[in-house]
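Here the structure comes first, spelled out in structure tokens, and everything after it is commentary.
Just so you know, ligand 1 is whichever comes first in the structure, and atom 1 is the first atom listed for that ligand.
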Amino acid sequence: MQVQTILSLFPLTLVLGCAITPYSGGNDTSTQVEKLLSQMTLQEKIGQMTQLDFAMIAATTHINPNNPVDQAKLEDALLNHHVGSILNAPYTPYSKAQTRQTWQAIIKTLQATTAKSRLKIPVLYGIDAIHGATYTQNATLFPQAINMAATFNPALSNQEGAITAKELRASGLHWNFSPMLDIGRQPLWSRLWESYGEDVHLASVLGTAFIQGHQGDNFAAPDKALTCLKHYVGYSMPNNGKDRTPAWLSERMLREYFLPTFAAGINAGAPTIMVNSGEVDGIPGHANHHYLTDILRDELGFKGFTVSDWADIKNLYRRDKLAASEKEAVKMAVMAGIDMSMVPFDYSFYDLLIALVQEGEVPIARIDEAVRRILTVKYQAGLFAAQPAMTAPSAQADAEALAINRQAAHESIVLAKNATHLLPLKKSARIFVTGPTANLLSALNGGWTITWQGDDESAYPAEKQTVLEAIQQQATGPVTYVDSTTLAANNGLQQAAATAAKHDVIILCLGEKPYTETIGNISSLNLDPAQYQLAKAMISTGKPVVLVTLGGRPRIITDIAQQATAVVLGFLPGMEGGTAIADILFGAYNPDGKLPISYPRDTNDHVLYDHKPSEAFEFNRYTPLYPFGHGLSYTEFQTSGLQVAKKSILLGETLDVAVTVKNTGSLTGKETVLLYINDVAASVTRPTKQLKAFQKVSLAPGQSQRLSFTLTALDLSFIGVDLKRIVEPGEFKVMVGKESVAFWVEK
Ligand code: BGC
């Protein structure tokens, strides 16, 4: 098979129908930046490259809730060490959501202090606002990314971005460490739920939409804020499934699966990138010159700045033993391409980098390059201009945000099984509810909610509903709840089962409690034994069981799901998730979420939907419990009439594809039509199918719609033998639903 076309690496446009522009690197601000740079001392420059945790400026005694900053520490950071960036929220003992007023006071204090400095360079404050403004009290907290992916709705991702940015700016915050564009192809990984799932196309589209909503055309606008792509690159695929442990990715795999989402994020205009905290192929992310400079700068054309992840320059020495000292680690990281260090708890990076430059170990040109990038972002974010008033969103904006959040939660929940049309339930049914996730807001939200781990249930807003509370509110018949955590051993279970048997239906809520990062590491996807025992007891009643799962990973539920009559996969649907699940259970909302991952049948069932032919050859099969894209509705849809505009196209040409989708059931509902391709024979083995486009439509009963798609050369491309992106002529298939149509690419 001959290589016929070499494509430029990645596309400049995606499917959103609006213009997207890569971050320019600041042609318009270069004069101001150069002028400022020419006035800066070495110390002032390296201060700009230093990012400290809030703890470094925090008042430790008598925390004043209205302004927890220690002015002396702050002046040491900003005036003596010229620090350019602060991250995280005030501690008790970990970062915790603050009121908007507290944030405003903190930011004003920082601004007033930099105003006393020689060059008055503003601080850029970074925060993890990964499903809304995590660290602002009463923020709109959306479904987590895995759920946003299940919506297959880029418009919702765009609105999530816009609302998050607006709420951050109301707190005076400019820089969000989001979106995470690591691909979720390792189900054990404790951050899977922070990803948009296993598919490259879906994640690229949703990430692009989020960035556009968050930044708009001008991220200096008073309701827009900077995004930060993370964690560049290859972080999400630890071999053993544990966070921050080695990935072994070939460059082909990296280029096929892990780089494209970052390319999409760069093309969408993200001006900052956070670096992979782990290692790929034996090289820690923070020391990888090839990734950070050759690929990121020279190939992907990224013009913004890179920030290290948490203490990861130190980790090159103290964890990875790549460097023989912390000083050598600083040199390695900076020379590899790190522009800003998330230190976060001392001035070591600042002191060591000054020494390295003075000793001639790091050229001043490299420092100037990093500082130029940082200052440019600060100028473009409008930080040097007078700051707009930090105004709270209006009551109307809050109401709109709530409605959008509710919609996102609805669309993010996957009805995986509905035997005998058990769902929707009659509101008058006698309902028994149990399980460890039934009555926890934290189980709906996951990590990065109010606190880092998201597990401080007492800090959650009382007015939001757990699954149980929402069921209790919506049901008109009796609802009995038994708290499964108090069921001691078998006797308790037997009693609970006896009570459950007196009801019409059992709602069994299983899954995970919140976690993130290394704290969420596990060695098996199995649920804990207590949950299996509870499930067994409930199933033994003979009553219909609705299994509702919550949590960030697909824990193994195969036996339970087979015996349950209905299965609702909730993942982490956010603050409106409890209400949204009850809406689906009672039919107030017709479910339309689809799985953005392959739900494994067993702990080692890691075959993904875009598997290679050998994974489904002879005795091998792709047999997850539920496949990627699976999701039922209370109505029925059919696709038909799949057609390609031409049977053959020339290399480089586009191809129009059309298909009709019809609502053949009796309720209005939404359907996402998924379009896959297969390159029938190629010089590198190709996935049996790969998603290349999707559209979500709402249809009334009997209504149909003809949908059009356009496949581009990029959609037909892959990483060839010589690691370049190519299209090879020959036969391709396009597939929608049960139909498949062949077409040919000719020289
Ligand atoms: C995480 C990042 C996060 C950073 C700042 C790190 O530990 O890996 O995702 O943005 O902390 O909180």
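For Gln51, the closest heavy-atom approach to ligand 1 does not fall below 4.0 Å. The shell of residues lying under 4.0 angstrom from ligand 1, judged by heavy atoms, excludes Glu194. Trp448 counts as a contact of ligand 1, since one of its heavy atoms falls under 4.0 Å from the ligand. Not a single heavy atom of Met180 sits less than 4.0 Å from an atom of ligand 1.
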Quiz item: Under the side-chain hydrogen bond (donor to acceptor under 3.5 Å, both in side chains) criterion, do His214 and Asn176 qualify, and how do the steps go?
Solution: CA-CA 9 Å; His214 204 281; Asn176 186 356; 3.1 Å; yes

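Nearest heavy-atom pair across Pro260 and Val200 is CB-CG1, 3.6 Å. Here the shortest heavy-atom pairing between Val123 and Lys378 reads CA-NZ, 4.1 Å.
Atoms of ligand 1 lying under 4.0 Å from any heavy atom of Asp309, numbered from 1 in the order shown and given with element: 1 (C), 2 (C), 4 (C), 6 (C), 7 (O), 8 (O), 11 (O). Annotation for ligand 1: atoms under 4.0 Å from non-hydrogen atoms of Arg191 are 1 (C), 2 (C), 8 (O), 9 (O). For ligand 1, the atoms closer than 4.0 angstrom to any heavy atom of Phe177 are 10 (O). Close approach of ligand 1 to Lys230 (heavy-atom distance below 4.0 Å) involves ligand atoms 2 (C), 3 (C), 9 (O), 10 (O). Under a 4.0 Å criterion applied to the non-hydrogen atoms of Met274, ligand 1 contributes the atoms 2 (C), 10 (O).
Taking the ring centroids of Tyr135 and Trp103, they lie at or beyond the 6.0 Å cut-off. For Phe345 and Trp310, the distance between ring centers is under 6.0 angstrom.
The protein non-hydrogen atom at the shortest distance from atom 3 (C) of ligand 1 is Asp128 OD1, 3.2 Å. Closest to atom 7 (O) of ligand 1 among all protein heavy atoms lies Glu517 OE1, 2.7 Å.
Within the 3.5 Å criterion, the main-chain N or O of Ala59 finds no donor-acceptor partner in the side chain of Asp70. Looking at Asp76, its side chain never comes within 3.5 Å of a backbone N or O of Ala72 through a donor-acceptor pair.
Between the side chains of Asn240 and Thr245, at least one donor N or O sits under 3.5 Å from an acceptor N or O.
To the nearest 0.5 Å, atoms NE2 (His82) and CE (Met49) are separated by 14.5 Å.
Close N/O approach between Trp310 and ligand 1 is not found [any backbone or side-chain N/O within under 3.5 Å]. Residue contacts with ligand 1: Asn88 is placed with no nitrogen or oxygen under 3.5 Å of a nitrogen or oxygen of the ligand (distance criterion only).
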